[in-house]
Amino acid sequence: MNDPYSILFEPVKIGPVTAKNRFYQVPHCTGMGHLHPQAEATLRRIKAEGGWGVVCNQETEIHPTSDLSPFPEHRLWDDNDLPPLQLVTEAIHEAGSLAGIELAHNGYHVANQVTRAPILAPSDAVVHGLSPRQARAMDKSDIRAFRQWHRDAARRARDAGFDIVYVYAGHRMTLLHHFLLPDLNDRMDEYGGSLENRVRLLREVLEETCEAVGDTCAIAMRFAVDEMSGSDGMQAAEEGRAVVEMLAEMPDLWDVNVSDWSNDSATSRFEPNEGYQNPYIDFVKQVTTKPVVGVGRFTSPDMMASLVRKGVLDFIGAARPSIADPFLPRKIEEGRIDEIRECIGCNICVSCDNLCIPIRCTQNPTMGEEWRRGWHPEKIAPKVREDAALVVGAGPAGLECAMQLAKRGYEVTLAEGTGQLGGRAAREAGLHGLGAWKRVADHRIHDLQQRANVSIYRESALTADDIVGLGIPNVFVATGARWRRDGVGRHRRKPLPMAEGMAILTPDDIMEGHLPTCGPVVIYDDDQIYLGGVLADHLSVAGHEVTLVTPSPIVSPWTENTLEQTRIQKSLIARGVRIMANHAVTAIGASSCDVACTYSGAETSLPCAAVVLVTERQREVALFDALQRRQDADGTPFRTLELIGDAAQPGLIADAVYAGHMAARNFEGDPDEVARQIFSRELIDLADKDRPRR
Ligand code: ADP
Ligand code: SF4
């Protein structure tokens, strides 16, 4: 036990149950839920194994009028939903942690697309997502029914083995929150109007949940104290505080945050500092005697211990830090602080929920693969017969591959062509707003530097001859990809006509420090993922006059998945970046760039001195091809020759890390087993297909 942090390992009582320490994995979605119950249970078991005193599940629909489809969250409509949840509680208990369940009725936040049930809300309203169906104001019988559903769900949650049952009023996502918010509740009865009235339903549900299961389960109140929209929404300094004061002693625990989800799960690009929610939630402990949990991408044990000592928090809440490193508590407990894999705040995990797919993480390639591939974040099989491996390229794929091979016990040689380790992770981290992404490289470089079985060579751009000469029989080629310079991309599959004289730059040029020498600058973002918007920001901060041209109707459309799109577009507008959406570049002249509307074809000429083309990447495969030719010509100089990461398939940094991990894990593995893993899925059992429908 490392003394300064012993305070983090004190047990804390939460109503009738006791958490073994102060590490609290708050509810977070996994894209698994009721569709992938075994995968979900295994993921949560690993969190418990990693030392989190409390491990919660995710939003759990309490009734068919709260049908989140197509998002696969959890479900507790009736007793048929108990077995998948029992799997989760058993898995968490097995490792000695408390299990929490986030009961939710999502009110007007759902469109009930599968159930086609009525959409319920405090007042008539269009639903939150784009849907032609509107929500209807609940009458008194709807309110009575909802209260009964919540009581029933609480009892079922207890029967499924949960220790902590949530009453959830947050993120603008639940009915209980909708009743609190004046812009969503214009009722004239005792449930609308004054704050006292708007709190009424929440108070009733809290009381009834306590009555239903409060003798055996702790009742947690999840509440967003501030909507981060100033006087247009609920504010911590005013009604947010008043709500906590009114209900202060009713729940056994307060789980507090800010709303909506994009504010709560803000990325490091917009909230670079750990603990960014503290100024909003730090009043809560002054108002209640009950334990308080808060979040804010906590990864530093010093900050965690200080928040507990200062009386800001009783529990260190985490969703993303627990995804990036499920073993964070154990590492602190065992004094292995430098081994913590810190979250980089990129929200790739969040994007998976928005895409309705199982969770992935940039920093933790095992996330979401615990059941399907049997991957454990801290364990990997030892080496088999081979002794040595060479990894060429020290980007995220090469670094992860080298690190995992070294963990397995191989003699690892890592060669990097430039003087800098980290590849695109280090390069992109140099762009404005992406500084935290450097952690992808830093974590792995630090690990590799501690290992006696690793030799790292910088400034070593290897040729096929060099590699054959080294005589290492197992070679992993992670040479990455470079951005195209010819304009071929999503919108246009032929090179752009270009006149002599214009400065043509790629993202690689900018990342390598070759900024335009004069302006104005046109950035052509036909990639439409995230980098075009980042570069517009970077160049405008550097003082350039920037026009961003994109065939998309919005800037960086993919970042809607990471909850950043609105902030990105807002911040570019605020910086004075001119945005030409629905436009494609058609030709580049010596001092201007021709663009055309993607709908009408109407052409405009933009005077500029430089054009940055963010369109598509080309794989760097020359070395790999040469090695393959040598192998074909000379017999078999290599027992393993594998292309990995962006060189094999350009994608996200998360994809490159995953590819590096996979290559190291499968090296000398049973190919049949590896093939089987990709077919692992949870199949619908038709054994009882002839049973009458209920
Ligand atoms: P990935 O995302 O797949 O890891 P990156 O582009 O981030 O790919 O990293 C690839 C790394 O490989 C870069 O740092 C690049 O300098 C390095 N590299 C490319 N060719 C060679 C080579 N022949 N020898 C050594 N390093 C190389
Ligand atoms: Fe953190 Fe990114 Fe991993 Fe999410 S995907 S946990 S934000 S590192």
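Every number for a ligand or one of its atoms is a count from 1 in the order of the listing. Side chains are part of it too, since the values below use all heavy atoms of this structure and drop only hydrogens, waters and symmetry mates.
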Protein N/O near ligand 1 N/O, under 3.5 Å, which pairs?
{"unit_1": "ligand 1", "atom_1": "2 (O)", "unit_2": "Asp646", "atom_2": "OD2", "d": "2.4"}
{"unit_1": "ligand 1", "atom_1": "3 (O)", "unit_2": "Asp646", "atom_2": "N", "d": "2.7"}
{"unit_1": "ligand 1", "atom_1": "4 (O)", "unit_2": "Pro396", "atom_2": "N", "d": "3.1"}
{"unit_1": "ligand 1", "atom_1": "4 (O)", "unit_2": "Ala397", "atom_2": "N", "d": "2.8"}
{"unit_1": "ligand 1", "atom_1": "7 (O)", "unit_2": "Arg424", "atom_2": "N", "d": "2.7"}
{"unit_1": "ligand 1", "atom_1": "12 (O)", "unit_2": "Ala478", "atom_2": "O", "d": "3.4"}
{"unit_1": "ligand 1", "atom_1": "14 (O)", "unit_2": "Glu416", "atom_2": "OE1", "d": "2.8"}
{"unit_1": "ligand 1", "atom_1": "14 (O)", "unit_2": "Glu416", "atom_2": "OE2", "d": "3.0"}
{"unit_1": "ligand 1", "atom_1": "16 (O)", "unit_2": "Glu416", "atom_2": "OE2", "d": "2.6"}
{"unit_1": "ligand 1", "atom_1": "23 (N)", "unit_2": "Leu462", "atom_2": "O", "d": "3.1"}
{"unit_1": "ligand 1", "atom_1": "24 (N)", "unit_2": "Leu462", "atom_2": "N", "d": "3.1"}
{"unit_1": "ligand 1", "atom_1": "26 (N)", "unit_2": "Gly417", "atom_2": "N", "d": "2.8"}

### Query
Are Trp437 and Tyr530 close enough that their ring centers fall under 6.0 Å?
yes
### Exercise: do Thr299 and Glu342 side chains pair donor with acceptor under 3.5 Å
yes
### Query
What protein N/O/S atoms are found closer than 2.8 Å to atom 2 (Fe) of ligand 2?
Cys346 SG
#### Entry: Pairing of Glu400 and Arg444 as salt bridge, 4.0 angstrom limit
yes
### Message
What I want to check is whether the side chains of Thr463 and Asp466 have a donor and an acceptor closer together than 3.5 Å.
### Response
yes
### Message
Under a 4.0 Å threshold between the charged nitrogen and the carboxylate oxygen, would Arg639 count as salt-bridged to Glu668?
### Response
no
### Query
Does the gap between the ring centers of Trp375 and His661 come in under 6.0 Å?
yes
### Centroid-centroid under 6.0 Å between Phe71 and His109 rings
no
### Message
Parallel, tilted or perpendicular, judged at 30° and 60°: which one describes the rings of Phe23 and Trp52?
### Response
perpendicular
### Query
Between Glu339 and Arg330, is there a side-chain N and carboxylate O pair less than 4.0 Å apart?
no
